[in-house]
Amino acid sequence: MAVISSASLLSIASLFRPIRKYPTLPDLVITATSIRCLLSLSQPMDDRQQPESKKRVVVCGEGIIGICTAYFLAKKGAAVTLIEKSSVACAASGKAGGFLALDWCDGGPVESLARASFNLHRSLSEELNGPDLYGYRPLTSLSITVTESGPSSPSGSKSSGDSTIPSWVDGPTRGPRTIGTTQTTAQVHPQLFTRTLLNTAVEKYGVEVVIGKLEQLHVEEWRVGSVVLEEGRVIESDSVVLSLGPWTGKFEMLASMFGVSGLKAHSIVLEPKDPGAITPHALFLSFHPQGGKAMDPKVYPRPNGEVYICGMSTEEEVPDDPEQIVGNPASIAMLKRVGKSVSSHLREGEARVKAEQACFLPCTDDGVLIIGEVPGMKGCYVATGHSCWGILNGPATGAAVAELVLEGRATIVDLSRFSPARFVGRRRVKV
């Protein structure tokens, strides 16, 4: 449990700032309003502190899903407490690519959710100054085949001669194809987006932030009544939203109902010497390494001069502490080979490695999101299983859950196919 004192204000306030200061993505501002909200965390929360008209909602998890949910709940008038055991966007929400697509989920169960969320991203960018604060921008997306050159092969020589390929992509490429336009694909810097949204929720809508580990829920007569943290603090609530990502499977109450596991995904962040040469083109590769099987990494340039490269997923056990997650050396080394093969601007000596990292993507047993009220537990909601589309689908998920909690049904998108009730009667077999 976090008790905020004047000595700890600086460390807590740092949760709302970007990890680094970017020339085009300025630090978020901490005002007296947000400090007062943080100071209030040291005071017990009871019925007397909240107006009777406000519904008290506790949201557990400060990733993109939890913060979007808290943002829209508070915007609609709820008194929201947001709980996180580590730090803001410390897992997948801070290490994702931040790629957004309007129609890439068409034909699947999240089609309507993805389309609604893509449009909501655009609206939020206008509302929150997304281009400046978190790098929101439309971009063109390309599919390209890249073959890794041998040690003796010259680099910096584009082999296809196709004008579709940006000039900075000068490796041995072929078969370029446009798969997304500025009307259908876009991007955000995911960590800065998450932090901007949280900062706004705290300053403008009064969301309270508690750093502490969720221990259990108190349920009486089939209704959730409070949240208990590891050190014993009890937070009374009318409703609770559990947005625990891949850690959903480690929370005993939910693990007995349905399975959520984590897929470990790796990424690196490069800083080229000449960032002005890198155009806004997201690259979806079919990469053929020397002496290995083809793989499908992605390359996302960012407007602050970074280039993000991801791929190399592995199945591993999710650790209890997200701060303990580190990348596998072989996977990181392969992503560096991808960068070198794609562009001379991304090879060693021409680009500085800013980050080598990994995160776990939440995946469900049946591959479908879990969003809705937990059967047999009135007032307890869950939102998880977004896999690699968490940043894209975060806003619409949060808006829909806010409607569900406060109004009894979601209108922005139909959540019925994601209901946890679909698991009732199924017998879970742990492997």
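Atoms considered below: every heavy atom in the structure, side chains included; atoms not considered: hydrogens, waters and symmetry mates.
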Please report the closest heavy-atom contact between [X] and [Y], naming both atoms and the distance.
{"X": "Gly61", "Y": "Leu82", "result": "O-CD1, 3.7 Å"}
{"X": "Val80", "Y": "Ala74", "result": "CG2-N, 3.7 Å"}
{"X": "Ile278", "Y": "Pro272", "result": "CG1-CG, 4.3 Å"}
{"X": "Asp170", "Y": "Ser344", "result": "OD2-OG, 2.6 Å"}
{"X": "Ala399", "Y": "Ile412", "result": "CB-CD1, 3.9 Å"}
{"X": "Leu128", "Y": "Leu133", "result": "O-CD1, 3.3 Å"}

Query raised in the report: Among side-chain atoms of Gln187 and Arg302, is any donor-acceptor pair under 3.5 angstrom?
Result: no
**Report entry** Flag for Thr314-Glu316: side-chain donor and acceptor within less than 3.5 Å
**Finding:** yes
Any sub-3.5 Å donor-acceptor pair from [X]'s side-chain atoms to [Y]'s backbone N or O?
{"X": "Thr279", "Y": "His281", "result": "no"}
{"X": "His218", "Y": "Gly225", "result": "no"}
{"X": "Ser93", "Y": "Ile64", "result": "yes"}
{"X": "Arg115", "Y": "Ser112", "result": "no"}
{"X": "Asp296", "Y": "Ser286", "result": "no"}
{"X": "Asp321", "Y": "Glu323", "result": "yes"}
{"X": "Ser341", "Y": "Glu148", "result": "no"}
{"X": "Trp247", "Y": "Pro319", "result": "yes"}
{"X": "Lys273", "Y": "Gly349", "result": "yes"}
{"X": "Thr181", "Y": "Gln183", "result": "yes"}

Evaluate the side-chain proximity of [Y] to [X]: yes if any heavy-atom separation is below 4.5 Å, no if none is.
{"X": "Val57", "Y": "Ser237", "value": "no"}
{"X": "Cys380", "Y": "Met253", "value": "yes"}
{"X": "Glu62", "Y": "Lys85", "value": "no"}
{"X": "Ser125", "Y": "Pro131", "value": "yes"}
{"X": "Phe99", "Y": "Ile391", "value": "no"}
{"X": "Phe118", "Y": "Leu392", "value": "yes"}
{"X": "Arg422", "Y": "Arg417", "value": "no"}
{"X": "Glu356", "Y": "His266", "value": "no"}

Salt bridge check, [Y] against [X]: does any charged N sit closer than 4.0 Å to a carboxylate O?
{"X": "Asp238", "Y": "Lys55", "value": "no"}
{"X": "Lys76", "Y": "Glu407", "value": "yes"}
{"X": "Lys75", "Y": "Glu127", "value": "yes"}
{"X": "Glu315", "Y": "Lys264", "value": "no"}
{"X": "Glu317", "Y": "Lys250", "value": "yes"}
{"X": "Arg56", "Y": "Glu236", "value": "no"}

Query raised in the report: Checking side-chain contact (heavy atoms from CB on, under 4.5 Å) for the pair Val338/Val146: CA distance, chi angles, key distance, verdict?
Result: CA-CA 9 Å; Val338 170; Val146 178; over 6 Å; no
Working to the nearest 0.5 angstrom, can you tell me the gap between [X] [atom1] and [Y] [atom2]?
{"X": "Ile371", "Y": "Leu404", "atom1": "CD1", "atom2": "CG", "answer": "9.5 Å"}
{"X": "Ile309", "Y": "Leu283", "atom1": "CD1", "atom2": "CG", "answer": "9.0 Å"}
{"X": "Met257", "Y": "Phe251", "atom1": "CE", "atom2": "CZ", "answer": "9.5 Å"}
{"X": "Leu198", "Y": "Tyr71", "atom1": "CG", "atom2": "OH", "answer": "11.5 Å"}
{"X": "Leu242", "Y": "Leu217", "atom1": "CG", "atom2": "CG", "answer": "5.5 Å"}
{"X": "Glu111", "Y": "Cys105", "atom1": "CD", "atom2": "SG", "answer": "9.0 Å"}

Report summary line: Test side-chain contact (heavy atoms from CB on, under 4.5 Å), reference Phe418, set Val382, Val368, Thr384, Ile370, output is Val368
Requested in this report: Identify, with sequence neighbours excluded, every residue that meets salt bridge (charged side-chain N to carboxylate O under 4.0 Å, His left out) alongside Lys378.
Outcome: Glu373
Requested in this report: From the options Thr364, Asn393, Thr397, select the one residue that forms a side chain to side chain donor-acceptor pair (under 3.5 Å) with His386.
Outcome: Thr397
Query - Sub-6.0 Å ring centroid separation between Tyr205 and Phe72 - result: no
**Report entry** Ring-ring centroid check Phe193 His121, cutoff 6.0 Å
**Finding:** yes
Report task. For Leu124 and Tyr136, run side-chain contact (heavy atoms from CB on, under 4.5 Å): C-alpha distance rounded to whole Å, both residues' side-chain angles, the deciding distance at 0.1 Å, then the answer. Result -> CA-CA 10 Å; Leu124 285 171; Tyr136 176 88; over 6 Å; no
**Report entry** Trace of the side-chain contact (heavy atoms from CB on, under 4.5 Å) decision for Trp389 with Val110
**Finding:** CA-CA 10 Å; Trp389 291 113; Val110 298; 5.6 Å; no
Query raised in the report: Can you list the steps and then say if Thr185 with Ser141 is a side-chain hydrogen bond (donor to acceptor under 3.5 Å, both in side chains)?
Result: CA-CA 7 Å; Thr185 54; Ser141 302; 3.2 Å; yes
**Report entry** Criterion side-chain hydrogen bond (donor to acceptor under 3.5 Å, both in side chains) on Ser343 and His345, from CA distance to verdict
**Finding:** CA-CA 5 Å; Ser343 174; His345 292 274; 4.8 Å; no
**Report entry** Derivation and outcome, side-chain contact (heavy atoms from CB on, under 4.5 Å), residues Leu369 and Leu113
**Finding:** CA-CA 11 Å; Leu369 306 183; Leu113 182 72; 3.4 Å; yes
**Report entry** Flag if over 12 foreign heavy atoms under 6.0 Å of CD, Gln216
**Finding:** yes
